[in-house]
Amino acid sequence: MTAQLSQNMLLAVPLAPLAGAVVAGLFGQQVGRRGAHTITILGVLIAFIISVMTLRAVALEGARFNQTIYEWMVVGGLKMEVGFLIDGLTAMMMCVVSFVSLMVHIYTIGYMEEDAGYQRFFSYISLFTFSMLMLVMSNNMLQLFFGWEAVGLVSYLLIGFWYTKPTAIFANMKAFLVNRVGDFGFILGIGLLVAYGDSLNYAEIFAKKDALAQIAFTAPLWGSDWMMLSVACICLFIGAMGKSAQFPLHVWLPDSMEGPTPISALIHAATMVTAGIFMVARMSPLFELSDTALNFVLLIGAITALFMGFMGLIQNDIKRVVAYSTLSQLGYMTVALGASAYSVAVFHLMTHAFFKALLFLAAGSVIIGMHHDQDIRNMGGLRKYMRITWITSLLGSLALIGMPLFSGFYSKDSIIEAVHASHLPAAGFAYFAVVAGVFVTAFYSFRMYFLVFHGKENFRHKPFPGEHDHHDDHHHEPHVPHESPWVVTAPLILLAIPSVVIGFMAIEPMLFGDFFNDSIAVSATLHHAMEELKHEFDGAAAMALHGLRALPFWLAMSGVALSYLFYMVKPEIPAAIARICSPIMTLLENKYYMDWFNENVLARAARGLGIAFWRGGDMALIDGVLINGSARTIGNVAGVVRRVQTGHLYWYALVMILGVIGLMTWQLWPFIWPQFKTLAGL
């Protein structure tokens, strides 16, 4: 342990945001609005500064930390602890979480300026930062699960922050319930590893990975042997499917846009939804030993990357376009995990955190300028009114579509190449999905960009929400958009910088250096994707030059050009295509009928099953037989006994005499019966 990674310094990283959350939440009225945002921003700033110091010590000095901070229970030799594991993966996540959170805290000052729940919001987002830092810094599965559930809880609170809005309450309950499905699988996976590994600690479980890979058990329904490690990894990934919104557990994330825009950037672009990606990368020593689990991960990621991208094509709410883009990009990260390119997945996690947080916050800036109108069809021409928002949105969009030299190019193209190099059975479909997704991403990203910042100023022809025609002698022009205050635009600029340069700077040490050597395990003999990428890599500049000649670049440019043609030159074409392809449009507008299936099939089936168990099990069996039935039996017996117990002495004497006669008959019957048969001639 080095001086840079002292225990007290590391403790300050999660505890500083927690302190800010407590002060703003419990004493918000006393400290006021200024006090609430000051104390929470200070707490996150402390976390960010220490995170940067930690990253520097890890990257330049090789510093590491893996110790128990507090042991609070021992059950049969199983230690339940609070502990930190600091390596390259953790240090990178700490910086991403704390930096994006800091930007969102500053941005919130402007965005939530007039909201009555100002202090409460700052408390929630600071509490979320604490929860996410505890998750990524954990060295054991118990603390991982604590952080996992804590970010889910705070996400529930933030999605339903406007608790008087019915759609927000429906959205946060939907997110909560869908995540419970994933978390059930997650805790089953943890339970299997603990049961067979006898430990909650990462290092101790990983040390037993070869022995765990040999364990099999008979499936209860199929009768065949299942490998325990494959089942455990698939269960863990089901948890990631819920938290990182993978098909079919993705349905909660688009509806979560009902919450305030800052939480969309913090939770649903940069941090909470990446928890599943981080978890699988952390568990890479286990996933590497199960091709079954990796194929499952590849398939789910490919479906999500492609089909959620299609959903972005038809969205008109600016936040929902970015939300479906997030779903698609999470699919890309998941595909990289399935190809055993874990370092590429977390590299895209990092670059995506910056440019997607930028796009969400830029969307919020547009919403402010448009007086909270979120329909991109009511915008257009905002470029000359919101110059900073325009240029930062353009930079974020270029990073998203993978323009060479931008951060998204290095991570997304690395994913495509890694999948292409994979030899797993599901890699073929996954490669098609991620390549086709490049065109789809470029099309919907620049559809939004052109409709918002270029073309006809549609807001001049339609008043903003809340505006009314007074019909007086003076002509009232609808309010024109305006640039947002500096507390909104400064985070946009600060996020735009890494969105452009971080990929160029970090690709070599993160993918082909030793930055993740002791964080991520890849079996070079079983999975060759990273070795092939390393062999082909000639430097960041050479990769960008090669990217100009590669298929993904031309697909992206085709998507941009087609979106310009459709929405700037010939806007009648999309309407004609929608009429011709009305069945496909209906399918997309109904979100592949996933919500209908969940609400009308799964929910009703679950409710019917619950009613059956309630009526048949609870009311009939438990209440009717075991509880009320035993009471009725006792009552019936008591009724019979009550008739016998008359209280009259002659009755008791008669019963005693009959009893004696009966007893004597029973004792003498073996002697009486033969005599009786003789006399009767039987």
Side-chain angles (χ1 to χ4, degrees), residues 87-93 96-97 135-136 233 236-237 239-241 243-247 269-288 290 293-305 308 326-356 400 402 407-422 424 426-427 430-431 433-434 437 502-503 506-507 509-513 515-517 519-523 527-534 537:
D87 53 17
L89 179 59
T90 302
M92 181 274 291
M93 288 296 296
V96 169
V97 171
L135 188 156
V136 301
C233 287
L236 290 174
F237 181 68
M241 288 168 61
K243 201 66 70 185
S244 294
Q246 296 297 289
F247 179 90
T271 51
M272 188 188 89
V273 292
T274 61
I277 309 301
F278 164 81
M279 182 272 294
V280 176
R282 177 60 78 197
M283 298 293 175
S284 59
L286 306 180
F287 277 84
E288 274 301 280
S290 174
L294 290 176
N295 275 292
F296 181 70
V297 172
L298 256 178
L299 183 62
I300 294 297
I303 293 171
T304 307
M308 294 306 106
T326 299
L327 283 170
S328 181
Q329 296 307 304
L330 288 167
Y332 272 83
M333 299 176 209
T334 303
V335 164
L337 294 172
S340 291
Y342 306 99
S343 57
V344 178
V346 295
F347 181 49
H348 192 52
L349 182 160
M350 179 188 71
T351 61
H352 175 266
F354 294 124
F355 63 73
K356 189 53 62 67
L400 172 60
S407 62
F409 161 76
Y410 290 102
S411 55
K412 183 183 282 189
D413 272 39
S414 296
I415 292 174
I416 294 172
E417 292 303 316
V419 177
H420 184 61
S422 175
L424 291 174
Y431 180 70
V434 294
I502 196 69
I507 183 171
M510 289 185 69
L511 300 194
F512 310 111
F515 187 75
F516 289 132
N517 271 7
S519 308
I520 291 171
V522 179
S523 175
H527 308 117
H528 315 282
M530 289 306 300
E531 286 297 320
E532 293 189 28
L533 259 65
K534 186 175 183 179
F537 183 73

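Along the sequence shown, residues carry numbers from 1.
- For the atom pair NZ of K412 and CZ of F347, the computed distance is 13.5 Å after rounding to the nearest 0.5 Å.
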Problem set entry | Test log, rule side-chain contact (heavy atoms from CB on, under 4.5 Å), inputs M93 and T274 | CA-CA 10 Å; M93 288 296 296; T274 61; 4.2 Å; yes
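- Residues forming a side-chain contact (heavy atoms from CB on, under 4.5 Å) with A430 (at least two apart in sequence, or on another chain): L298, A302, V335, V419.
- For S328 (side chain) and M308 (main-chain N/O), no donor-acceptor pair under 3.5 Å exists by modelled atom type.
- Residue M510 holds its CE atom at 8.5 Å from OG1 of T351, rounded to the nearest 0.5 Å.
- Rounded to the nearest 0.5 Å, atoms CG (L349) and OG (S343) are 12.5 Å apart.
- Nearest approach of L511 to S414, heavy atoms of both residues: CD1-OG, 3.7 Å.
- Ring geometry, F296 versus F237: the interplanar angle exceeds 60°, so the pair is classed perpendicular (tilted spans 30 to 60°).
- Annotation: the span from H527 atom NE2 to Y342 atom OH amounts to 7.0 Å, rounded to 0.5 Å.
- Nearest heavy-atom pair across A339 and A418 is CB-O, 4.1 Å.
- Rounded to the nearest 0.5 Å, atoms CG (L294) and SG (C233) are 8.0 Å apart.
- Between F287 and V297 the shortest side-chain heavy-atom distance falls below 4.5 Å.
- Under the 3.5 Å distance criterion, the side-chain polar atoms of T304 are matched with a main-chain donor or acceptor of F247.
- Nearest approach of M350 to A506, heavy atoms of both residues: CE-CB, 4.0 Å.
- With sequence neighbours excluded, no residue forms a side chain to side chain donor-acceptor pair (under 3.5 Å) with S244.
- Taking the side chain as every heavy atom from C-beta outward, V346 and L89 approach each other to under 4.5 Å.
- Contacts classified as salt bridge (Lys or Arg N to Asp or Glu O under 4.0 Å) and involving residues 274-283 (residues at least two apart or in different chains) are given here: D87-R282.
- Listed here is the closest heavy atom pair of M279 and L236: CE-O, 3.1 Å.
- Heavy atoms from other residues, nucleotides or ligands lying under 6.0 Å from NE2 of H420 number 12 at most.
- Considering CZ of F355 and OG of S407, their distance stands at 5.5 Å, rounded to 0.5 Å.
- Closest approach of E532 to A421, counting heavy atoms only: OE1-CB, 3.4 Å.
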Exercise. Is there a side-chain contact (heavy atoms from CB on, under 4.5 Å) between V136 and V96 once you walk through the steps?
Worked result: CA-CA 11 Å; V136 301; V96 169; over 6 Å; no
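- No side-chain heavy atom of H352 sits under 4.5 Å from any side-chain heavy atom of Y332.
- Here the closest heavy-atom approach between residue A521 and residue E288 is recorded as O-CG, 3.2 Å.
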